[in-house]
Amino acid sequence: WSAVYAGEEAAVQFFTSWKDLMVSTIPADRLLVYSVQEGWEPLARLVGVDMPEEPFPQINDGYTVSMMVAGLYYILVIVLPSILVAGVCAKSIRFRNTAVRIAGLCCRTPVGKLQAWGKHNNSGKRKYDDVKFS
């Protein structure tokens with residue numbers, strides 16, 4: 001990878017010298033210098049099988065790559081953070097307590113009067129009735 005990190009000119013020079021080494025070392029009957037524009041035929045001929053009937057996949061075109069990048073971006077920016085926040089909200093009592101305090105400060109309503117977070121227990125008290133905030 002050092003050739004890639006060294007810049008485009010060094011990477012091209014490394015690839016060219018590597019390709020020349022492979023062409024000079026591998027016997028011609030076992031070597032395939034391949035370009036994806038050639039399709040199935042050279043691959044099938046090299047391994048000695050019939051050509052597949054399905055068309056050669058064309059998934060490396062500009063539109064497909066840009067759609068894959070956009071999809072990954074939305075997954076990283078919207079979906080994963082949403083799942084993380086939902087998981088934290090559902091599992092963390094500390095997060096709930098903090099959210100109640102923040103909601104109380106934002107709404108300028110005493111936190112003890114917020115009804116949405118409480119659940120009744122066997123004693124008849126709501127979950128946060130004993131919490132005192134100054």
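Note that the numbering runs from 1 along the sequence shown for the chain. As a basis for the values below, the full set of heavy atoms in this structure was taken, side chains included, without hydrogen atoms, waters or symmetry mates.
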**Student:** What closest approach, in Å, do Trp40 and Pro57 show between heavy atoms, and which atom pair accounts for it?
**Tutor:**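 Scanning both residues completely, I find the closest heavy atoms to be CZ2-CD, 3.8 Å.
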
**Student:** Residues in side-chain hydrogen bond (donor to acceptor under 3.5 Å, both in side chains) with Gln37, at least two apart?
**Tutor:** Ser35

**Student:** Applying a strict under-4.5 Å side-chain criterion to I, L, V, M, F, W and Y, I'd like to know whether Ile75 and Ile78 cluster together.
**Tutor:** no

**Student:** Taking side-chain contact (heavy atoms from CB on, under 4.5 Å) as the test, write out the residues that go with Leu76, two or more places apart.
**Tutor:**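 Expected list: Leu72, Leu80.
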
**Student:** Restricting to ring-ring contact (aromatic ring centres under 6.0 Å, His included), what partner residues turn up for Tyr74, sequence neighbours left out?
**Tutor:**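 Not a single residue meets the ring-ring contact (aromatic ring centres under 6.0 Å, His included) criterion with Tyr74.
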
**Student:** Mark yes when over 12 heavy atoms from residues, nucleotides or ligands other than Glu54 sit less than 6.0 Å from its CD; otherwise mark no.
**Tutor:**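 Result for CD/Glu54: enclosed.
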
**Student:** Mind checking side-chain contact (heavy atoms from CB on, under 4.5 Å) for Pro42 and listing every partner two or more places apart, or none if nothing turns up?
**Tutor:**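 Pro42: side-chain contact (heavy atoms from CB on, under 4.5 Å) contacts with Leu32, Tyr34, Glu38, Arg45.
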
**Student:** Return the set of residues passing side-chain contact (heavy atoms from CB on, under 4.5 Å) with Val49 (not counting sequence neighbours), or none when no residue passes.
**Tutor:** Ala44, Val47

**Student:** Mind checking whether Met68 and Tyr73 sit in one hydrophobic cluster, side chains of I, L, V, M, F, W, Y counted as touching below 4.5 Å?
**Tutor:** no

**Student:** Count I, L, V, M, F, W, Y as connected when their side-chain heavy atoms are under 4.5 Å apart, and connections chain through other members. Are Val33 and Val36 then in the same cluster?
**Tutor:** no

**Student:** To the nearest 0.5 Å, tell me how far Phe56 CZ sits from Glu41 CD.
**Tutor:** 12.5 Å

**Student:** Determine whether Leu31 and Leu46 fall in the same hydrophobic cluster, where Ile, Leu, Val, Met, Phe, Trp and Tyr are linked whenever their side-chain heavy atoms lie under 4.5 Å apart.
**Tutor:**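 No, it is not one cluster - the side chains of Leu31 and Leu46 are not joined through contacts under 4.5 Å.
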
**Student:** Distance-only criterion, 3.5 Å: show the donor-acceptor pairs between side-chain atoms of residues 16-27 and protein atoms not counting sequence neighbours.
**Tutor:**
unit_1: Thr16; atom_1: OG1; unit_2: Val12; atom_2: O; d: 2.8
unit_1: Ser17; atom_1: OG; unit_2: Gln13; atom_2: O; d: 3.2
unit_1: Ser17; atom_1: OG; unit_2: Phe14; atom_2: O; d: 2.9
unit_1: Ser24; atom_1: OG; unit_2: Asp20; atom_2: O; d: 3.1
unit_1: Ser24; atom_1: OG; unit_2: Leu21; atom_2: O; d: 3.0
unit_1: Thr25; atom_1: OG1; unit_2: Leu21; atom_2: O; d: 2.4

